[in-house]
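Read through the structure below, which is laid out as structure tokens, and then see the notes.
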Amino acid sequence: MEYRVLGRSGLKVSAISMGTFSFGGVGAFAKVASHDVGDAKRLIDVCIDGGVNLFDTANMYSLGRSEEILGEALKGRRDQVLISSKVRMRIGDGANDEGTSRFHLIRECERSLKRLQTDHIDIYHMHAWDGVTPLEEMLAALDALIQSGKVRYIGCSNYSGWHLMKALSIADQRFLPRFVTQQIHYTLEAREAEYELLPISVDQGLGVTVWSPLAAGLLSGAFGRDRAPEQSRQAKGWTEPSIRDWERLWTIVDVLDEIAASRGVTAAQVALAWTLSRPAIVSLVVGGLTEQHFRDNLAAVDLKLDAEELERLNAVSRAPYVYPYWHQHNFTRDRFSAGDWALHENYEDLGHV
């Protein structure tokens, strides 16, 4: 296993972390899977044996059941691993059962700690943007949780670029804790994060973790032009991640299959290896239905794609060069920062446009 430093912290996390989205199977989550405690223990054993030290969950996964199962499955080895959880989504019918208010954050953190059977959460993510709660209130509440020892590090998830920069700016202005990480969706199929979120991460020192790095299995090699996705989450009614262009997806899968065959590895390993090669990426949060799924995914850490393979994948998946980026490329590229290059390096072969 490879370990990478999480942003501007001193914390090292495994390049592959384990997602617990499949634990519980309560309500709509049954469309994904319904692993119980016994299943969870077996899968966690595989991950720990493979060097994984970060386990990711959220208070809304199976309405808290995922946290309960993770806490039970980690009994006796909690001090060997890191736990990431999330808060913000609606978890009840009450007026304050969602958001990032001081009331909601502190209450939900304490509930998560009880379900996880632990006294602290190592990385606490704001699961999504809340445009109602002032950021000063949110960050002050997180500071209180940090000062009380209930939270070690904080991060965000699914923010836009301006949301993220506003939060970082207020944290700096008010001497409040800063996000050290963001968890985003980023794959060969979904590269929109390159426009703002990855450049911000490079410039501001945030370590990036990636949710659903195989696009809910669609980049795993199990599905393709001649392998209809009847068993995929999407076919079962799950709406994320959104696929806007299925033909483009299968073209990407074709290249993954070709590279995988030439290397004697799986398409999933190629897709994960590409993502691990990208700027600011620290860890990929992978899920799986079986032990073999996790073993295959863990092996991606040892796969290093060469320049030609990376360029083939980049060419088939590259996002459109939208404004103002093509204009920057034409007129200001001689003064780009490292953050700028996190985006623009993807278009160097185009020349001046």
Side-chain angles (χ1 to χ4, degrees), residues 1-21 40-41 43-58 70 73-74 76-86 116 118 120-125 146 151-157 177-187 193 197-198 200-214 265-266 268-288 291-306 310 338 342:
M1 179 56 66
E2 176 185 347
Y3 299 92
R4 301 181 176 188
V5 176
L6 188 66
R8 290 178 184 166
S9 75
L11 188 69
K12 288 188 175 182
V13 302
S14 49
I16 300 292
S17 47
M18 180 181 182
T20 64
F21 198 71
K41 286 182 177 179
L43 298 176
I44 287 171
D45 285 345
V46 170
C47 290
I48 290 179
D49 289 346
V52 171
N53 74 346
L54 176 60
F55 294 83
D56 183 81
T57 187
L70 180 60
L74 285 175
R77 45 189 175 177
R78 169 65 181 98
D79 61 349
Q80 303 171 29
V81 301
L82 305 168
I83 292 177
S84 162
S85 193
K86 310 179 198 74
L116 289 164
T118 186
H120 71 279
I121 295 170
D122 296 288
I123 307 169
Y124 204 32
H125 288 92
I146 292 171
V151 168
R152 300 283 170 82
Y153 299 92
I154 60 170
C156 63
S157 184
R178 230 171 175 262
F179 295 141
V180 299
T181 182
Q182 61 167 328
Q183 188 174 119
I184 64 174
H185 182 58
Y186 177 55
T187 71
L197 296 179
L198 289 190
I200 289 171
S201 295
V202 171
D203 185 72
Q204 296 294 311
L206 274 71
V208 175
T209 63
V210 177
W211 63 263
S212 199
L214 292 175
V265 298
T266 66
Q269 290 166 1
V270 175
L272 295 174
W274 177 87
T275 312
L276 284 171
S277 75
R278 306 302 295 163
I281 301 299
V282 173
S283 186
L284 310 183
V285 183
V286 302
E291 295 175 28
Q292 191 57 45
H293 286 160
F294 282 101
R295 290 192 180 96
D296 286 345
N297 291 338
L298 289 171
V301 174
D302 298 321
L303 177 62
K304 305 302 179 186
L305 301 174
D306 62 33
L310 290 171

*Under 4.5 Å between any side-chain heavy atoms of Met18 and Leu54, yes or no?*
no

*Do you know the tightest heavy-atom contact between Val285 and Gln183?*
CG2-NE2, 4.0 Å

_How close do Leu116 and Leu70 get, counting heavy atoms only, and between which atoms?_
CD2-CD2, 4.0 Å

*Flag the pair Val5 / Val282 as yes when at least one side-chain heavy-atom distance between them is below 4.5 Å, and no otherwise.*
no

*Do Leu198 and Ile281 come close enough that some side-chain heavy atom pair is under 4.5 Å?*
yes

*For Tyr186 and Ala193, work out which heavy atoms get closest and say how close.*
CD1-CB, 4.1 Å

*Is the shortest heavy-atom distance from the side chain of Val270 to the side chain of Leu303 under 4.5 Å?*
yes

*NZ/NE/NH1/NH2 to OD/OE distance under 4.0 Å, Arg295 and Asp49*: no

*Stepwise, does the side-chain hydrogen bond (donor to acceptor under 3.5 Å, both in side chains) test hold for Arg8 with Gln204?*
CA-CA 9 Å; Arg8 290 178 184 166; Gln204 296 294 311; 5.0 Å; no

*Gap separating the OH atom of Tyr124 from the NZ atom of Lys86, nearest 0.5 angstrom*: 11.0 Å

*asked:* Quick check for you: to the nearest 0.5 Å, what is the distance between Met1 atom CE and Ile16 atom CD1?
replied: 6.0 Å

*Do you know the tightest heavy-atom contact between Ala299 and Gln269?*
CB-NE2, 3.6 Å

*Let me see the working for Leu310 and Ser277 under side-chain contact (heavy atoms from CB on, under 4.5 Å), right down to the final yes or no.*
CA-CA 9 Å; Leu310 290 171; Ser277 75; 3.7 Å; yes

*To the nearest 0.5 angstrom, please state how far the CZ atom of Phe179 sits from the CD1 atom of Ile154.*
5.5 Å

*Roughly how far, to the nearest 0.5 Å, is the CG atom of Asp79 from the CZ atom of Arg77?*
11.5 Å

*asked:* Quick check against the 3.5 Å criterion: does Ser9 have a side-chain atom that pairs as donor or acceptor with the backbone of Leu11?
replied: yes

*Could you tell me whether the side chain of His185 and the main chain of Trp211 form a donor-acceptor pair under 3.5 Å?*
yes

*Taking atom CD of Gln292 and atom CG of Asp296, what is their separation to the nearest 0.5 Å?*
4.5 Å

*Side chains of Ser14 and Glu2: is there a donor and an acceptor less than 3.5 Å apart?*
no

*Val208 to Ser201 - nearest heavy-atom pair and separation*: CG2-OG, 3.2 Å

*Looking at Thr209, Thr181, Leu82, which hits side chain to side chain contact (heavy atoms under 4.5 Å, CB included) with Val13?*
Leu82

*Heavy-atom check, side chain of Leu74 versus side chain of Ile44, under 4.5 Å*: yes

_Go through it in stages, so that I can follow the logic: the residues are Ile123 and His125, the test is side-chain contact (heavy atoms from CB on, under 4.5 Å), and I'd like the CA-CA distance, side-chain angles, deciding distance and then a yes or no._
CA-CA 6 Å; Ile123 307 169; His125 288 92; 3.4 Å; yes

_Passing option when Ser84 is tested against Asp122, Thr57, Asp56 for side-chain hydrogen bond (donor to acceptor under 3.5 Å, both in side chains)_ = Asp56

*Please tell me if the side chains of Thr266 and Asn297 come closer than 4.5 Å, counting only heavy atoms from C-beta onward.*
no

_If I take atom CD1 from residue Ile146 and atom OH from residue Tyr153, how far apart are they, to the nearest 0.5 angstrom?_
10.0 Å

_Closest contact, heavy atoms only, Leu305 versus Trp274_ = CD1-N, 3.8 Å

_Could you check whether any side-chain heavy atom of Arg4 comes within less than 4.5 Å of a side-chain heavy atom of Lys12, counting everything from C-beta outward?_
no

